[in-house]
Student: 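Got a structure for you, written out below as C-alpha cells; questions coming shortly.
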Amino acid sequence: MRIRIVDAFTDRPFSGNPAGVLLLDAFPDDAWLQNVAMEVNHAETAFAHPLPESGDADWALRWFTPVAEVAMCGHATLATAHVLSTTGAHKGPVRFATRSGVLVATPRPDGSLTLDFPTAPLTPVPIPDGVAEALGAEPLSVFDTGPNVGDLLIELADEKTVHGLDPDHRALGRFSERGVIATARAADPAAGHDYVSRCFFPNVGIDEDPVTGSAHTALAPFWSERLGSPDLTGLQASRRSGLVRTGLRGNRTLLSGRAVTVIEGELLTP
C-alpha cells in the first residue's frame, strides 16, 4: 500500500507539521495501526478508508501518535484531505467520520484547504500549583479546553515569552489529559499573524508539536473574543513553524491552510 508524508499548514517542504497518511480499504486491527504510527514516528499518522456512498460521511478517519490514538487532529486531517484531492481519490469537499463527529474538508481555488471542526469549549480554571515552574513562565490566565482537545490553554505576557519557552516536558504532563497550549498576542500584527502559540503534548509522546490544528479550535474563540474579530491568523512558533487561518463560526471553527507531499513510498509490511 502507498504511504505518504505530508507537511501540513505550510506551502513549503520541511516546514509545518508532517503527518503520515495511508489510504486503506478497511481498518486493520488497532495494534497494526499503532505499530505503523510508531514506525512513521511523526506527531500523527492518519488512516482513512472509503465509506458507502449513502452514508453521512465519505471516508472514515483515525489518527495515531507514536504511542496512542487521539480524538482529534487538525494537521493530519488537512494532510489526508490534501492526499485525496491531489491523487483524485476524492473530488470536492470530503466528509470524514471520526471520533469527534463528522469533520468536513473543503478544497479552495487557491490550493488551500478549509477544515470545519467543533469549537473547543473554554472554561477558566485557577492557575495550577507548579505550572509556572514547569512551563518556565508566569501565566496570565488558564483555561480548560474540553474533552476533544484535552489541553490547558495558558495565556502568557507577550510573544517574546512564548518564543523563549524551554519547559520541563515531564512536569507539564501532570496538568491535563494531553498537554499545554501556550499563547500570547502578536507583538506586531503587521507581521502577518494576530497571535502566537506553542504546543507541548508529553502525554501522547510529543514534547512539542510543530503545528496543531486542534489547538486552534481553542485559540480561535480565545483570541476572537479579545481581538474583536472572528477571522484571525495564528503563528505556531515551533522550530518548523506554520500559519493557521482561523474563522470562528459559533460552535464550529474553520481552520485553513496548505499542505505539501514530501515523501511517497510503499509500505511493505502487511
Side-chain angles (χ1 to χ4, degrees), residues 9 16-19 37-38 41-44 63-76 100 119-187 193-223 225-226 234-244 246:
F9 292 115
N17 201 351
M38 180 176 63
N41 201 35
H42 284 314
E44 267 87 13
W63 314 277
F64 286 76
T65 79
V67 300
E69 185 173 10
V70 295
M72 180 188 291
C73 180
H75 88 276
S100 296
T119 300
L122 298 180
T123 304
V125 297
I127 297 174
D129 291 339
V131 75
E133 291 77 13
L135 189 59
E138 192 65 39
L140 298 182
S141 62
V142 179
F143 292 79
D144 180 86
T145 60
N148 283 341
V149 177
D151 300 326
L152 281 186
L153 189 153
I154 299 179
E155 180 188 11
L156 299 178
D158 50 39
E159 181 169 341
K160 181 180 178 181
T161 301
V162 174
H163 281 280
L165 292 174
D166 185 18
D168 181 337
H169 298 286
R170 184 181 298 272
L172 281 183
R174 306 197 314 265
F175 300 106
S176 66
E177 179 182 349
R178 182 172 68 165
V180 165
I181 306 164
T183 188
R185 188 185 302 237
H193 59 278
D194 302 289
Y195 58 90
V196 64
S197 66
R198 290 176 67 188
C199 294
F200 308 103
F201 303 143
N203 291 339
V204 291
I206 305 166
D207 283 349
E208 180 167 6
D209 198 33
V211 191
T212 314
S214 60
H216 285 77
T217 66
L219 290 162
F222 182 85
W223 286 114
E225 179 180 351
R226 284 154 182 77
L235 168 68
Q236 193 155 330
S238 66
R239 185 175 64 86
R240 292 177 62 103
S241 189
L243 291 172
V244 182
T246 56

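As a basis for the values below, the full set of heavy atoms in this structure was taken, side chains included, without hydrogen atoms, waters or symmetry mates.
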Student: Please check this pair: side chain of Arg198 against backbone of Ser238, looking for a donor-acceptor N/O pair closer than 3.5 Å.
Tutor: no
Student: Quick one: pull up OG in Ser241 and CG in Leu235 and give me the separation to the nearest 0.5 Å.
Tutor: 4.5 Å
Student: So, Thr246 side chain and His216 main chain: donor-acceptor pair closer than 3.5 Å or not?
Tutor: no
Student: What residues form a side-chain contact (heavy atoms from CB on, under 4.5 Å) with Ala187, not counting sequence neighbours?
Tutor: Glu159
Student: Report the distance from atom CG of Asp194 to atom CH2 of Trp223, rounding to the nearest 0.5 Å.
Tutor: 10.0 Å
Student: Keeping to residues at least two apart or across chains, list the side chain to side chain donor-acceptor pair (under 3.5 Å) pairs with something in residues 122-145.
Tutor: Ser141-Glu155
Student: What is the distance from atom NE2 of His75 to atom CD of Glu44, rounded to the nearest 0.5 Å?
Tutor: 5.0 Å
Student: If you apply the rule side-chain contact (heavy atoms from CB on, under 4.5 Å), what do you find for His163 with Val196, and how did you get there?
Tutor: CA-CA 9 Å; His163 281 280; Val196 64; 4.1 Å; yes
Student: Closest heavy-atom contact between Val131 and Pro139?
Tutor: CG1-CG, 4.0 Å
Student: Listing request: all salt bridge (charged side-chain N to carboxylate O under 4.0 Å, His left out) pairs with a residue in residues 162-182, at least two apart in sequence or in separate chains.
Tutor: Asp151-Arg178
Student: In Å, rounded to the nearest 0.5 Å, how long is the span from CG of Asn17 to CZ of Phe9?
Tutor: 8.5 Å
Student: So, for Ala137 and Thr161, which heavy atoms are closest and what is the spacing to 0.1 Å?
Tutor: CB-CG2, 3.7 Å
Student: Could you tell me whether a side-chain N or O of Gln236 sits under 3.5 Å from a main-chain N or O of Thr212, the two making a donor and an acceptor?
Tutor: yes
Student: Would a 4.5 Å heavy-atom cut-off, applied to side chains only, mark Arg185 and Tyr195 as touching?
Tutor: no
Student: Using atom types as modelled and distance alone, determine if a side-chain donor or acceptor of Asn148 lies under 3.5 Å from a backbone N or O of Ala120.
Tutor: no
Student: So Leu165 and Phe200, side-chain contact (heavy atoms from CB on, under 4.5 Å) or not? Walk me through it.
Tutor: CA-CA 10 Å; Leu165 292 174; Phe200 308 103; 4.0 Å; yes
Student: Measure across Pro128 and Phe175 and return the closest heavy-atom pair with its distance rounded to 0.1 Å.
Tutor: CB-CD2, 3.7 Å
Student: So how far is it from Ser197 OG to Leu156 CG, rounded to the nearest 0.5 Å?
Tutor: 11.0 Å
